[in-house]
J.: 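Encoded as structure tokens, here's the structure I'll be asking about.
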Amino acid sequence: MISVITGASAGIGAAAAVELARRGHRLVLVGRDAGRLAEVAGRVAGVTAASGPDAGSGAAPDTLTCDYTSFDDVRALAAELRSRYPRIDVLINNAGVMTTQRTLTRDGHETMMQVNHLSPFLLTNLLLDRVAGRVITTSSRAGKSGRLDPADLDRERRKWSGWLQYGDSKQANALFTVELARRLAGTGVSATCFHPGVIKTGFAPGTLMMWMVKHIPGMGQTAEEGASTMVHLATHPDGVDHPGRYFADRAPAAVPRGMSDPERARALWDASAAAVGLD
């Protein structure tokens, strides 16, 4: 089982890597920081060594760096993955960011929308003929409050709010999953997304909410707890049996129509393809 995890240098991506290695997956870890990726790779190698020959006998996972604020970087990552692996069993789109400041990437898109949605959309499309099993995308219940407009992905014509834009990008993750599952129907490849919970990590630094999560007892979960649904979707039949669905706590969960409407999903797909330069 070859599993590619983006956003694997910390948080739930790193925690999922350790658990999937324990279960025998051969991992490819993707992140922005080579040093942090190396640390996670070392943890994974230690797990596989302790788990015996079925888990890899201590072999370190492959690591690749990529900056999701650059479509050129994403295309280079896709080319490298294609050159190394004729088959990818599980593609986990987990890289993400939250910021209260409106900034633009070098490609001219709002940062959260590009990192959280457009770049994983591009990577997935460039790898679809290599993916032979599952595509899993980290969404969030924040998507329920999103007001995504496919004609204004970067919030150029609407009032700026960091949390609302984050919600838009997470709503986009769910709609992307809906349309991807429709397009993959009958191919043997399934697409799902999930809410990891509110996690005690370095995510969304500087925001009051995440300060409270990290410092007030009982408010947040560990990275391992947050990674549990990701691991479930990568290893359990649920990850195949419920295409297009949104999961929470390792089970399918109901979402507002804004996160599941097929017409909005198709409109978003078309807008995203245009934004990243895909036919």
Side-chain angles (χ1 to χ4, degrees), residues 4-8 11-13 15-16 68 90-99 110-125 134-150 153 162-184 190-199 201 203-204 209-210 213 220-221 223 225-234 236 238-240 242-262 264-269 271-272:
V4 176
I5 308 176
T6 70
I12 64 171
Y68 265 30
V90 184
L91 172 61
I92 302 177
N93 291 312
N94 175 64
V97 66
M98 190 280 156
T99 175
E110 191 280 322
T111 298
M112 282 185 283
M113 186 57 66
Q114 177 159 335
V115 171
N116 297 352
H117 168 63
L118 291 174
S119 285
F121 172 87
L122 175 59
L123 180 67
T124 302
N125 274 277
R134 312 179 190 206
V135 179
I136 302 164
T137 301
T138 303
S139 183
S140 169
R141 71 182 181 192
K144 297 180 179 182
S145 65
R147 297 292 183 268
L148 182 70
D149 180 357
L153 293 176
W163 281 113
L164 279 179
Q165 180 69 347
Y166 178 72
D168 283 1
S169 71
K170 296 289 102 180
Q171 192 172 91
N173 294 150
L175 291 169
F176 162 64
T177 299
V178 169
E179 177 62 7
L180 180 61
R182 185 189 74 81
R183 290 170 177 254
L184 292 173
S190 183
T192 55
C193 65
F194 73 100
H195 169 57
V198 182
I199 314 301
T201 67
F203 186 74
M209 188 186 87
M210 294 310 297
V213 167
Q221 299 172 290
E225 290 170 327
S228 65
T229 301
M230 183 191 296
V231 172
H232 180 81
L233 291 172
H236 192 275
D238 278 351
V240 174
H242 300 278
R245 293 296 302 275
Y246 168 97
F247 278 69
D249 295 323
R250 300 177 298 283
V255 292
R257 188 159 178 80
M259 293 176 71
S260 61
D261 178 34
R264 293 189 77 232
R266 292 178 197 180
L268 172 64
W269 188 284
S272 302

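The first residue of the sequence shown is numbered 1, and numbering continues consecutively from there.
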J.: Apply side chain to side chain contact (heavy atoms under 4.5 Å, CB included) to Leu268 and Glu179, showing your working.
T.: CA-CA 9 Å; Leu268 172 64; Glu179 177 62 7; over 6 Å; no

J.: What verdict does the side chain to side chain contact (heavy atoms under 4.5 Å, CB included) test give for Leu123 and Tyr68, after you've listed the backbone C-alpha separation in whole Å, the side-chain angles of each residue and the deciding distance to 0.1 Å?
T.: CA-CA 10 Å; Leu123 180 67; Tyr68 265 30; 3.3 Å; yes

J.: Without swapping roles, check the side chain of Asn116 against the backbone of Val97 for a donor-acceptor pair under 3.5 Å.
T.: yes

J.: To the closest 0.5 Å, what do you measure between CZ (Phe247) and NE2 (His236)?
T.: 9.0 Å

J.: Can you confirm whether Leu148 sits close enough to Leu153 that some side-chain heavy atom of one is under 4.5 Å from a side-chain heavy atom of the other?
T.: yes

J.: Is it the case that the side chain of Gln171 and the backbone of Gly146 share a donor-acceptor pair, with hydrogens and angles ignored and the cut-off at 3.5 Å?
T.: yes

J.: Any side-chain to backbone donor/acceptor pair from Ser145 onto Ala142? Under 3.5 Å, distance only.
T.: yes

J.: If I compare all heavy atoms of Pro256 with all of Lys144, which pair ends up nearest, and what's the gap?
T.: CD-CG, 3.6 Å

J.: Looking only at non-hydrogen atoms, find the nearest pair between Gly143 and Met259 and report the distance.
T.: C-SD, 3.5 Å

J.: Can you confirm whether or not the ring centre of Phe194 sits under 6.0 Å from the ring centre of His232?
T.: no

J.: Check Ala223 against Ala15 and note the closest heavy-atom contact, atom names and distance.
T.: O-CB, 3.7 Å

J.: Any idea how Phe176 and Trp269 line up, ring-wise: parallel (<30°), tilted (30 to 60°), or perpendicular (>60°)?
T.: parallel

J.: To check you understand the geometry: which heavy-atom pair defines the closest contact between Ala174 and Cys193, and what is its length?
T.: CA-SG, 3.8 Å

J.: To the nearest 0.5 Å, tell me how far Thr138 OG1 sits from Ile92 CD1.
T.: 7.5 Å

J.: Between Ser139 and Asn173, do the side chains contain an N or O donor and an N or O acceptor separated by less than 3.5 Å?
T.: no

J.: Going from CG on Asn93 to CD1 on Ile136, what distance comes out if it is rounded to the nearest 0.5 angstrom?
T.: 9.5 Å

J.: So do the side chains of Thr229 and His195 get within less than 4.5 Å of each other, counting heavy atoms only?
T.: no

J.: Is there side-chain contact between Glu110 and Met112, with at least one heavy-atom pair below 4.5 Å?
T.: yes

J.: Measure the CD1-CE distance between Ile5 and Met230 for me, rounded to the nearest 0.5 Å.
T.: 6.5 Å

J.: Where is the tightest heavy-atom contact between Pro196 and Ile12, given as atom of each residue plus distance?
T.: CB-CD1, 3.8 Å

J.: Measure from the side-chain N and O atoms of Arg264 to the backbone N and O of Gly258, and report whether any donor-acceptor pair falls under 3.5 Å.
T.: yes

J.: If you count every heavy atom of other residues, nucleotides or ligands that lies below 6.0 Å from Arg141 atom CZ, does the total exceed 12?
T.: no

J.: Between Leu175 and Ser260, what is the shortest heavy-atom contact and its length?
T.: CD2-N, 3.8 Å

J.: Would you please name every residue forming a side-chain hydrogen bond (donor to acceptor under 3.5 Å, both in side chains) with Ser272, sequence neighbours left out?
T.: His117

J.: Under the side-chain hydrogen bond (donor to acceptor under 3.5 Å, both in side chains) rule, collect the residues that match up with Thr192, sequence neighbours excluded.
T.: none

J.: For residues 245-261, which residue pairs pass the salt bridge (charged side-chain N to carboxylate O under 4.0 Å, His left out) check, not counting sequence neighbours?
T.: Arg257-Asp261

J.: Does the side chain of Thr6 pick up a donor-acceptor pair with the side chain of Asn94 at under 3.5 Å?
T.: no

